[in-house]
Amino acid sequence: MTLKNLFSLKELEIHEIVRILDDAQAFRDGAAVPNFTGRIACNLFFEPSTRTQYSFQVAEERLGLRVVSFDPGLSSLTKNETFYDTVRTFDSFNPDLLVIRAHTRYYDELSGLVRTPIVSGGDGTGDHPTQSLLDLLTIRQEFGGFEGVRIAICGDIRHSRVAHTNYGVMQRMGMDVCVSGPEEYMEPGLRFMEFEKALRECDIIMLLRIQHERHGGHEGMTDEQYHERYGLTKERVERMKPGAIIMHPAPVNRGVEIAGDLVEHPRSRIFKQMENGVYVRMAAIRRSLEGELWH
Ligand code: NCD
């Protein structure tokens with residue numbers, strides 16, 4: 001039996017992505033949820049996380065699972081145990097699900113060696129599949145579909161797994177995708193649009209946090225200068241297209257990529273994204289636990 005892991009959305013056919021979104025929407029609309037009482041999930045977050053980690057936990061509990069949460073700082077990682085041995089340890093407990101977030105593309109070294117299905121909570125600068133699923137659900141709720149919806153993903157593209165997963169999957173879904181922000185954070189091969197033009201023309205402005213922990217920060221630019229040049233300010237929000245929305249995976253750095261007052265602006269869907277996160281994670285977990293039975 002092949003394990004229903006979820007490491008990257010590239011592994012999924014479009015119809016499988018749509019099935020997860022449909023399940024998530026149904027859960028949100030009050031449909032009965034599968035009952036996995038008696039099953040155990042182990043959440044292994046080797047990188048810090050608020051939303052992803054705890055919304056996975058809420059999703060697991062809504063499905064009846066019991067949850068074991070790993071704390072790297074209190075674990076044998078502090079005794080030089082490796083990532084691989086840590087994961088194999090949890091796998092040997094025979095849980096029903098592992099949710100893993102780590103600093104690198106961790107899953108290659110686990111391939112074929114772990115018998116528990118794994119859902120990724122993010123791998124370094126690589127992929128963040130459930131974040132993109134919740135972004136897609138939010139977009140579908142807003143625009144009724146994906147075809148031709150224009151999005152500008154703005155900020156630290158190069159170090160953002162959210163940008164990487166979204167750029168690819170949103171193009172596959174038929175969206176018109178571009179990136180914007182300081183040149184040093186752009187990536188070759190991605191379609192670039194000036195921030196002012198993106199504000200006027202795009203249906204979605206998706207802002208990203210500068211991933212300071214992955215590099216030295218924006219050389220030569222203070223937070224204030226970044227805000228002035230590339231941040232969403234009260235003045236800039238006025239120039240957004242009618243009906244356009246603001247998205248952000250969070251954590252938000254208020255006053256840097258977005259003015260604090262705009263986090264809960266009528267155009268902002270930031271907290272709606274978080275709410276959708278629970279439902280898409282429920283749907284993704286269902287897929288992994290149902291295995292071969294999931295179509
Ligand atoms: C993002 C992440 O961890 O990749 N946050 C999230 O999961 N919602 C974005 C970030 O850390 O900036």
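In listed order, ligands and their atoms are each counted from 1.
Taking the six-membered ring where tryptophan is involved, the planes of Phe90 and Phe70 are perpendicular, since the angle between them exceeds 60° and thus also 30°.
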Any protein N/O atoms within less than 3.5 Å of an N/O atom in ligand 1? List the atom names and distances, or say none.
residue	atom	partner	partner atom	Å
ligand 1	3 (O)	Arg101	NH1	3.3
ligand 1	3 (O)	Arg101	NH2	3.2
ligand 1	3 (O)	Arg161	NH2	2.8
ligand 1	4 (O)	Arg161	NE	2.7
ligand 1	4 (O)	Arg161	NH2	3.3
ligand 1	5 (N)	Ala250	O	2.8
ligand 1	7 (O)	Thr52	OG1	2.8
ligand 1	7 (O)	Arg101	NH2	3.1
ligand 1	7 (O)	His128	NE2	2.7
ligand 1	8 (N)	Gln131	OE1	3.1
ligand 1	8 (N)	Pro249	O	2.9
ligand 1	8 (N)	Ala250	O	3.1
ligand 1	11 (O)	Arg209	NH2	2.8
ligand 1	12 (O)	Arg209	NE	2.8
ligand 1	12 (O)	Arg209	NH2	3.2
ligand 1	12 (O)	Gln211	NE2	2.7

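No donor-acceptor contact under 3.5 angstrom links the side chains of Tyr185 and Ser160, judged on distance only.
Looking at residues two or more places apart in sequence or on another chain, you find a side chain to side chain donor-acceptor pair (under 3.5 Å) between Asp203 and Lys241.
Rounded to the nearest 0.5 Å, atoms CG (Asp123) and OG1 (Thr125) are 7.5 Å apart.
Checking side-chain atoms of Arg236 against main-chain N and O of Glu196 turns up no donor-acceptor pair under 3.5 Å.
The salt bridge (charged side-chain N to carboxylate O under 4.0 Å, His left out) with Asp22 is formed by just one residue from the set Arg287, Arg140, Arg286; it is Arg140.
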